[in-house]
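A short worksheet on the structure shown next.
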Amino acid sequence: MTDPDSTFDSAAELLGRITEQLGSRLGQVRPYGRAPRRPPRKYDEEAHPPMTAPTLVAVGHGSRDPRARATLARLLDRVRELRPGLDVRLAHIELNAPLLDETLADLAAGGRDAVLVPLLLAPGHHVTHDLPAAVAATPAHARVADPLGAHPLLVEALADRLAEAGWTPGEGDGVVLASAGSRDPRSGAETRRIAALLGERLGGVPVVPAYASAAAPTVPDALRALAARGRHRVAVASCFTAPGLFATRAAAHAPWIASAPLGNHPALARLVLHRYDRSRTARTTTPARELAAI
C-alpha cells in the first residue's frame, strides 16, 4: 500500500492511487486458498479420458471347409458397417487361425478388454467350458456373451434363407431344422425353442429339430417323422452360421430344398451386436473364470 509519508497534490489523487493498488492486490487473491482452475476442456480430458469400448471377439468353431472362415469374415464386415469404430475380431476354437488363445493374448498385451460372442446357436460344452477356460488361461479381461440362440433376429435370417432356397407355402409342408447337436440338455431345449419360433414365423408349419451329431433325432429320422404325419413337402433349414461338414451332410438329405447357412445375413449381424451389447451392460453375468470352474 501507499507509504504514509508520500506526498500528493490533492486528496483525489491520493484516493485514486489507493484504489489502484487495492484492486491490484485483490486480483492476486485465490479464493479459499485454491489454485486457479485449468480450462475445463483440458481438465476433463486429463481426469476423464474417453472410454474405449471392449473389443468384440466373434468366436467360430472352426472348419476344414475353406468357405467357413471367408463366410464369417463377411459377416463381421457387416457388423463393422453397423458399428463403425468398434474393434471387431474373428477367432476360432480350433482348426482355423486365428485361434482364440492367440487373440486373447494379443488383447491382453494391448491392455484391451473384450466381449466374446459365440457364433454358435445354442449352449453347449464350447460355450460353458471352452470359452471361459480360454479366458481364464490368459490375463485378458473378458466376458463371454450368450450364444446366438432363440431370438427373432435369428428366426428372420432362417426364414429368409428358406425363401431364397425356394420356400413357398403349400400343402403337406414341413421343415427340418438342422443343427450341429450337443449332449448338453440346454442345447436341445434352445434348439426346440428356435424350431417353435420358426414354425410360428412360417404360419404354423411343423418344424422338427434334428442334429448332425451327439443328439437325436438325426435329419433322416426327422424327415421320416414328418412323412408319417403326412408331410411330404419338406425343406431342410440350415441352422449353421457357416458352411462346413455338418451343413453339407444335412442338406444332402433334403427331399425338396435346403437353405444355405445363415452366413452374413444382415439380421445375424444385428444379433451379434445385440449379444455383445447385452453382455456389456449385464450386471449379473457370471465372470468367465467362475464359469470355467463349473
Side-chain angles (χ1 to χ4, degrees), residues 56-82 88-100 103 115-128 130-131 144-162 164-165 176-182 184 187-188 190-191 193-195 197-198 209-215 219 236-251 258-276 278-279:
L56 190 164
V57 180
V59 186
H61 180 276
S63 172
R64 292 184 176 87
D65 189 322
R67 298 172 297 170
R69 189 183 187 285
T71 299
L72 296 184
R74 289 193 293 272
L75 171 63
L76 296 194
D77 285 341
R78 281 197 182 273
V79 172
R80 295 183 185 98
E81 291 172 2
L82 291 171
V88 179
R89 307 190 190 189
L90 175 62
H92 301 88
I93 297 170
E94 60 182 3
L95 298 176
N96 295 128
L99 293 173
L100 178 58
T103 300
V115 173
L116 276 55
V117 179
L119 298 181
L120 304 169
L121 283 304
H125 188 76
H126 293 313
V127 174
T128 61
D130 289 345
L131 300 191
V144 180
D146 291 334
L148 301 177
H151 190 279
L153 288 170
L154 177 66
V155 175
E156 177 184 338
L158 286 167
D160 283 355
R161 290 295 188 232
L162 278 172
E164 291 167 3
V176 170
L177 181 71
S179 64
S182 169
D184 190 323
S187 178
E190 189 74 5
T191 305
R193 283 192 286 269
I194 297 171
L197 290 173
L198 181 59
Y211 309 96
S213 69
V219 172
V236 172
S238 183
C239 196
F240 301 95
T241 53
L245 178 62
F246 288 165
T248 301
R249 284 180 178 174
S259 63
L262 300 170
N264 67 333
H265 192 284
L268 196 66
R270 286 154 54 202
L271 181 53
V272 169
L273 281 172
H274 173 71
R275 294 302 185 206
Y276 168 82
R278 285 202 60 176
S279 181

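Proximity of Ser179 to Leu121: side-chain heavy atoms (C-beta onward) are nowhere separated by under 4.5 Å. Looking at heavy atoms from C-beta onward, Asn264 lies out of side-chain contact with Asp77 at the 4.5 angstrom threshold. Using a 4.5 Å heavy-atom cutoff, the side chains of Leu245 and Arg64 are not in contact. A heavy-atom distance below 4.5 Å is found between the side chains of Leu100 and Val57. In this structure the side chain of Tyr276 never reaches within 4.5 angstrom of the side chain of Val79, judged on heavy atoms. A heavy-atom distance below 4.5 Å is found between the side chains of Asp130 and His125. Looking only at side-chain heavy atoms (C-beta outward), Leu131 and Pro118 come within less than 4.5 Å of each other.
The salt bridge (Lys or Arg N to Asp or Glu O under 4.0 Å) search around Arg67 returns Asp65, not counting sequence neighbours.
When all heavy atoms are compared, the tightest approach of Asn96 to Gly62 is OD1-CA, 3.3 Å. Counting all heavy atoms, side chain and backbone alike, Pro261 lies closest to Thr241 at CB-C, 4.2 Å. Taking every heavy atom of both residues into account, Leu120 and His61 meet most closely at CD2-CB, 4.4 Å. For the residue pair Ala122 and Glu190, the shortest heavy atom distance occurs at CB-CB, 3.9 Å. Of all heavy-atom pairs between Pro123 and Ser182, the closest is O-OG, 4.4 Å. Between Val155 and Ile194, the shortest heavy-atom contact is CG2-O, 4.5 Å.
Interatomic distance, Arg78 CZ to Leu273 CG, rounded to the nearest 0.5 Å: 12.5 Å. For the atom pair CG of Leu158 and CZ of Phe240, the computed distance is 11.0 Å after rounding to the nearest 0.5 Å. Note: His274 NE2 to Leu153 CG = 7.5 Å, rounded to the nearest 0.5 Å. Residue Arg270 holds its CZ atom at 8.5 Å from NE2 of His265, rounded to the nearest 0.5 Å. Rounded to the nearest 0.5 angstrom, Leu271 CG and Leu154 CG are separated by 6.5 Å.
The environment of CZ in Arg249 is sparse: at most 12 heavy-atom neighbours from other residues, nucleotides or ligands sit within 6.0 Å.
The backbone N or O of Val88 sits less than 3.5 Å from a side-chain atom of Arg80, completing a donor-acceptor pair. Formation of a donor-acceptor pair under 3.5 Å by the Arg278 side chain with backbone atoms of Ala145 is not found in this model. Although no hydrogens or angles enter the test, the distance criterion places no donor-acceptor pair under 3.5 Å between the side chain of Ser279 and the main chain of Arg275.
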Would you check, one step at a time, whether the test side chain to side chain contact (heavy atoms under 4.5 Å, CB included) holds for Leu90 with Arg69? CA-CA 9 Å; Leu90 175 62; Arg69 189 183 187 285; 4.3 Å; yes

Using side chain to side chain contact (heavy atoms under 4.5 Å, CB included), reason through Arg161 and Leu262 one step at a time and then give a plain yes or no. CA-CA 7 Å; Arg161 290 295 188 232; Leu262 300 170; 4.3 Å; yes

